[in-house]
Amino acid sequence: MEKYLIRGGKRLTGEVTISGAKNAAVAILPATVLSGDICVIENVPNISDVYTILKILEHLGASVRFLNKTTVEIDARHLNTTFIPHELTCNMRASYYFWGAILGKYGHARVSMPGGCDFGVRPIDQHKRGFEAIGATVEIVDGMLDVSAEKLIGNNVFFDKVSVGATMNVMLASVMATGVTVLENAAKEPHIVDLANFLNSMGANIMGAGTDVIKIHGVKELHGTNYAIIPDQIEAGTYMVAAAATCGDVLIKNVIPKHMESISAKLEMMGVKIEEFDEALRVSAERPFSKVDIKTMPYPGFPTDMHPQMAVIACLAEGTSTVTEGVWDNRYRYVSELQKMGADIKVDGKMAVIEGIEEFKAAPVKATDLRAGAAMVIAALCCDGETEIEDIYHIERGYEDIEIKLCSLGADIKKIDVPEISGAVAM
Ligand code: EPZ
């Protein structure tokens with residue numbers, strides 16, 4: 001089993017370049033199905049979630065070719081099935097974008113239910129509502145979601161809940177429907193805008209992405225395109241917190257500062273210094289950090305995917321800080337892992353109440369999900385001694401070359417492979 005060994009206590013200094021956005025890539029790559037043509041996508045992050053999506057595209061009959069480390073050519077001219085089995089979809093959430101893409105192209109999709117980080121219940125009722133509004137029937141058959149439509153007809157869809165996945169999925173399904181689809185109470189995240197821009201580059205007619213009303217004029221067909229994915233807001237935020245928490249001084253390159261506003265604002269409230277450039281942010285800090293109160297919200301609010309990382313730096317602030325989770329039912333599995341490292345943090349309903357401590361203590365901990373894993377890395381970087389982090393496959397789903405990037409900033413992090421202890425030892 002692979003683990004990270006991190007010997008912390010060093011300030012991060014230097015420069016790091018942010019990769020393409022995971023949550024844009026895992027929607028844009030399935031969307032190539034809609035083109036029935038050849039697409040070249042640049043700034044694709046080298047992460048396991050992307051590899052899973054590319055495997056699914058090959059299963060569907062697409063040919064996939066990396067032109068360089070971050071540019072992939074997808075030939076979707078000879079797809080030959082609309083069925084995706086469980087073994088390809090079980091370990092990530094975003095496999096569900098194939099529902100919308102395949103339905104939008106072929107009028108029928110049968111895809112196993114998705115996996116993904118465990119935040120409690122992760123319903124799909126808003127996806128279903130959107131598909132049904134444009135004329136599809138949606139059934140769960142043997143753990144597979146079967147969605148089909150004789151004809152997709154544009155319609156109005158009002159989402160009861162702001163949902164990134166449902167907004168993207170209904171956009172994918174309706175882009176070639178007959179007539180106009182209007183999504184209301186739509187999610188506004190940067191990756192929603194990126195998907196809409198990608199689809200428009202293939203000949204779609206989508207307006208209003210980035211606002212809570214998105215209008216999609218159905219078109220007859222889409223064509224191939226060349227497109228570059230936006231930088232990853234959450235990877236950038238994660239390195240901002242790591243730089244600040246270690247009292248470092250780091251230039252974070254290939255960012256869109258506008259996307260970082262809510263994260264920058266909260267870090268500046270804690271006393272972190274942030275210098276903004278066109279496509280970069282310089283983050284530096286020294287203790288003491290002021291306490292902070294955060295409530296995670298849909299964009300442009302403070303992103304839920306930065307919750308665990310911010311809890312780590314709040315542990316090192318003076319006084320009592322709070323992080324209230326406003327998106328997921330339960331995003332607190334990181335708390336017990338941080339407590340192993342000496343954090344004074346309690347969960348009261350949807351709020352983590354954090355009392356500042358002097359420093360973390362090195363301890364063997366686990367990554368319980370993608371962003372919780374990133375939080376454990378930051379905590380380990382902040383404390384003397386050697387911290388072991390298990391289950392790092394969670395982290396590698398969403399952070400390209402994390403140990404290489406951290407080493408280039410002066411961190412002492414190694415990935416080791418430890419043989420699994422199989423079963424009980426015979427007496
Ligand atoms: C996306 O998940 C991201 N994943 C998540 O990031 C992120 O936390 C989340 O959006 C919120 O920003 C990807 O983009 C692959 P939602 P998604 O639908 O689409 C409820 C990461 O770390 N809801 O916006 O699954 C849901 O229960 C990952 O990169 C319904 O009620 O999230 C939640 O409370 C973790 N019914 C809220 O909406 C539905 O049909 C937001 O969920 C769908 C969602």
Side-chain angles (χ1 to χ4, degrees), residues 19-31 45 47-50 52-53 89 91-100 113-133 138 140 145 147 157-173 183 185-195 212 229-230 232-238 259 262-263 296-310 324-331 333-334 350 367-375 394-400:
S19 304
K22 166 179 89 80
N23 291 346
V26 296
I28 285 171
L29 293 170
I47 53 176
S48 57
D49 272 10
V50 161
T52 302
I53 294 281
T89 65
N91 59 6
M92 64 177 290
R93 184 86 187 147
S95 51
Y96 63 23
Y97 290 129
F98 284 100
W99 298 340
M113 294 300 279
C117 297
D118 175 7
F119 300 144
V121 179
R122 291 186 78 171
I124 59 163
D125 57 312
Q126 301 303 311
H127 300 246
K128 189 168 176 290
R129 160 193 287 263
F131 293 150
E132 287 171 342
V138 181
I140 308 251
L145 190 108
V147 53
V157 181
F158 187 91
F159 292 116
D160 299 336
K161 191 134 188 207
V162 175
S163 162
V164 167
T167 302
M168 301 248 230
N169 239 336
V170 183
M171 197 192 290
L172 290 165
L183 308 184
N185 199 24
K188 301 182 269 195
E189 273 68 7
H191 29 292
I192 303 272
V193 178
D194 212 23
L195 176 64
D212 54 7
I229 290 173
I230 55 169
D232 194 312
Q233 171 206 31
I234 304 302
E235 185 196 17
T238 303
H259 293 166
S262 62
I263 301 164
T296 69
M297 305 286 287
Y299 192 81
F302 190 88
T304 175
D305 294 343
M306 284 298 301
H307 167 164
Q309 301 92 310
M310 282 304 283
T324 305
E325 177 53 46
V327 174
W328 293 106
D329 290 341
N330 171 12
R331 190 163 202 160
R333 294 182 60 203
Y334 70 91
K350 304 277 268 181
T368 54
D369 61 63
L370 166 56
R371 306 304 175 183
H394 285 293
I395 302 170
E396 297 187 331
R397 285 186 46 211
Y399 288 92
E400 176 181 273

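Each ligand, and each atom within it, is numbered from 1 in the order the structure gives. Just so you know, these numbers use all the heavy atoms, side chains as well, and skip hydrogens, waters and symmetry mates.
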Examine the proximity of ligand 1 to [X] and report which part, side chain or backbone, both or neither, has a heavy atom under 4.0 Å away.
| X | value |
| --- | --- |
| Met168 | neither |
| Arg371 | side chain |
| His394 | neither |
| Tyr96 | side chain |
| Leu370 | side chain |
| Asp329 | neither |
| Lys161 | side chain |
| Ala166 | neither |

Is Thr304 in polar range of ligand 1, meaning some N or O pair under 3.5 Å apart? no
Would you say Val26 has any N or O atom under 3.5 Å from an N or O of ligand 1, going by distance alone? no
Judged by modelled atom types alone, do [X] and [Y] share a side-chain donor-acceptor pair under 3.5 Å?
| X | Y | result |
| --- | --- | --- |
| Thr368 | Tyr334 | no |
| His394 | Asp369 | no |
| Ser48 | Glu396 | no |
| Tyr299 | His259 | no |

Look at ligand 1 and say whether Pro123 reaches it with a heavy atom at a distance under 4.0 Å. yes
Using 30° and 60° as the class limits, which term best fits the ring planes of Trp99 and Phe131: parallel, tilted or perpendicular? perpendicular
Sidechain-backbone polar pair: [X] side chain, [Y] backbone, donor-acceptor under 3.5 Å:
| X | Y | answer |
| --- | --- | --- |
| Asp194 | Ile230 | yes |
| Asn169 | Tyr96 | yes |
| Thr324 | Lys350 | no |
| Ser163 | Gln126 | no |

Those atoms of ligand 1 less than 4.0 Å from some heavy atom in [X]:
| X | value |
| --- | --- |
| Trp328 | 2 (O), 8 (O), 9 (C), 25 (O), 26 (C), 27 (O), 32 (O), 33 (C), 42 (O) |
| Lys22 | 21 (C), 29 (O) |
| Gly165 | 18 (O), 19 (O) |
| Arg331 | 8 (O), 22 (O) |
| His127 | 40 (O) |

Checking side chain to side chain donor-acceptor pair (under 3.5 Å) between His307 and each of Glu325, Arg331, Arg371, which is the one that passes? Glu325
Do Val327 and Pro298 have side chains that get closer than 4.5 Å, going by heavy atoms? yes
Would you tell me which option among Asp125, Thr296, Asp305 has the nearest heavy-atom contact to atom 6 (O) of ligand 1? Asp305
